[in-house]
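Let me begin by presenting the structure, written as structure tokens, before commenting on it.
Both ligands and their constituent atoms are indexed starting at 1 by order of listing. Computed from a predicted structure; not experimentally measured.
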Amino acid sequence: MESKYLQKFYDKSPTERIAALQSAGILDAEAAATLQKGLTLPQEIADNMIENQLSTYDLPYGVALNFLIDGKDYAVPMAIEEPSVIAAASAGAKIIAMAGGFRTTIEKRIMIGQVALKNVPDSSVAQQLIESHQQEILQAANAAHPSIVKRGGGARRVSVRILPADDVEGIPAFLVVHLHVETLEAMGANIINTMMEGVIPYLERLTGGEALMGILTNYATDCLATAECRIPSSLLGRGTLSGDEVRDRLIEAYQFAYIDPYRAVTNNKGIMNGIDAIVLASGNDWRAISAGAHAYASRNGQYRSLTTWKKAENGDLLGSLTLPLPVGAVGGSINFHPAAKMTKEILGYRSASELESIIVSVGLAQNFSAIKALVTEGIQKGHMGLHSRSLAISAGATGDEIEQLSERLKSEKNMNLATAQALLAQIRLDEPHV
Ligand code: NDP
């Protein structure tokens with residue numbers, strides 16, 4: 001990445017930013033022209049994507065810079081309405097890049113489908129039968145979706161969970177059959193759902209039970225992605241706080257989010273600010289990723305921080321984030337939504353695993369920036385500075401007024417809509433709006 005073209009990126013106009021990305025070799029001429037035109041979703045496509053479609057809902061689409069992931073540079077597209085997320089991701093990634101960047105580990109991409117059986121006459125016998133007929137179950141599943149087998153994927157393993165009855169709540173026992181499926185470059189919801197419905201008749205005959213449903217689980221614990229970073233404390237000093245002090249406060253911030261669910265939820269919301277924004281920009285299903293991430297945060301019975309921050313023996317700060325990331329590089333709207341296609345172009349990712357590496361790194365950068373601000377200067381200074389633009393627009397400012405009003409708002413004690421409206425009226429009195 002030719003970083004000289006990307007200096008002071010935030011100070012440029014959108015047109016200049018697109019030109020800078022082109023000069024830096026991140027965009028080719030065609031992609032730059034498409035971005036200049038705008039990434040609008042044609043009405044005809046939108047109408048075929050959902051039911052009762054009326055129009056489209058736009059979000060700002062930008063890039064976070066400075067991501068060095070497994071030795072490769074990335075500009076990361078994000079679709080998000082919240083100010084300061086892209087700034088925070090870029091700032092966090094910059095420090096982490098100076099420290100050598102992110103290292104990621106992607107587990108084999110296996111998705112899980114479930115069939116819930118009720119009224120099974122004997123759960124232990126049924127479990128044994130399922131285990132001894134694993135090959136037949138896998139065959140039935142693969143026969144239901146032969147094209148994924150042809151591509152080299154398919155159902156790989158069967159496991160069984162016996163959920164005992166809860167007599168207090170009046171909940172019957174369930175025998176749950178899990179199918180572990182390699183879905184290759186796809187997220188695999190449709191593949192798995194087809195397979196699960198395909199194995200139901202066989203499972204009912206085998207166990208004598210009755211299937212309640214068959215569907216994938218978004219708790220994709222066989223599709224984990226991890227990003228790690230190691231930052232010398234010499235890169236962490238801020239104001240009057242030394243690097244060692246900031247490092248220790250960052251670790252305490254993690255410890256607080258580990259023990260307190262009230263803090264953990266907000267800590268993880270900050271992580272998902274970045275993750276959801278890139279997942280959405282990539283055309284993937286952000287509800288699926290969010291649901292799985294929050295379940296994973298509770299995997300030990302208490303909702304905790306998804307990240308960990310610890311001190312290395314030599315005093316460096318060690319950061320890590322692991323979460324289920326069943327995203328696809330194909331499927332859904334990924335190959336036809338204009339913004340998703342542009343995200344693929346900008347990131348140049350060649351596989352769903354590479355996309356996972358980028359997404360999990362964004363989550364770690366986002367958390368690093370957020371907690372660093374929280375334990376040093378607080379987040380309001382940076383956040384409200386950027387929020388002032390949204391307030392200016394909400395107050396009705398247009399054109400040059402937005403910048404003018406936003407600047408004036410930053411020095412106000414009460415930065416709110418009423419103040420913005422009063423200041424805008426004042427600006428228009430001073431310089432009548434045409
Ligand atoms: P799709 O069914 O849209 O796409 C997957 C298909 O892409 C495969 O079946 C395969 O079809 C084709 N394909 C082409 N190249 C490859 C490759 N290299 N590797 C794998 N497949 C390939 O999507 P998914 O099954 O991934 O499901 C994701 C969609 O399902 C999302 O839109 C999601 O929102 C939605 N969804 C999510 C649910 C949830 O999360 N709970 C529930 C229901 C739906 P072929 O081999 O036949 O060409």
Exercise answer, ligand 1 polar atom pairs (N/O) under 3.5 angstrom:
| from | atom 1 | to | atom 2 | distance (Å) |
| --- | --- | --- | --- | --- |
| ligand 1 | 2 (O) | Asn190 | ND2 | 3.1 |
| ligand 1 | 3 (O) | Gly332 | N | 2.8 |
| ligand 1 | 15 (N) | Arg151 | NH1 | 3.2 |
| ligand 1 | 19 (N) | Glu185 | N | 3.1 |
| ligand 1 | 25 (O) | Ala189 | N | 3.4 |
| ligand 1 | 25 (O) | Asn190 | N | 2.9 |
| ligand 1 | 25 (O) | Ile191 | N | 3.4 |
| ligand 1 | 26 (O) | Met187 | N | 3.2 |
| ligand 1 | 26 (O) | Gly188 | N | 2.6 |
| ligand 1 | 27 (O) | Ala189 | N | 3.2 |
| ligand 1 | 27 (O) | Asn190 | N | 3.4 |
| ligand 1 | 34 (O) | Asp285 | OD2 | 2.7 |
| ligand 1 | 40 (O) | Asn218 | ND2 | 2.9 |
| ligand 1 | 41 (N) | Asn218 | OD1 | 3.0 |
| ligand 1 | 46 (O) | Ser147 | OG | 3.0 |
| ligand 1 | 46 (O) | Arg151 | NE | 2.7 |
| ligand 1 | 46 (O) | Arg151 | NH2 | 3.4 |
| ligand 1 | 47 (O) | Ser147 | OG | 2.8 |
| ligand 1 | 48 (O) | Arg151 | NH2 | 2.8 |

Distance-only polar pair, side chains of Ser290 and Asp276, donor-acceptor under 3.5 Å: yes
Pairs touching residues 102-146 that satisfy ring pair (Phe, Tyr, Trp, His ring centres under 6.0 Å), sequence neighbours left out: Phe67-Phe102
Donor-acceptor pair, side chain of Ser369 and main chain of Gln366, under 3.5 angstrom: no
Between Gln135 and Gln139, a side-chain donor and acceptor under 3.5 Å: no
Charged tip of Arg299 within 45° of Tyr296 ring normal and under 6.0 Å: yes
4.5 Å side-chain heavy-atom contact, Leu323 and Leu325: yes
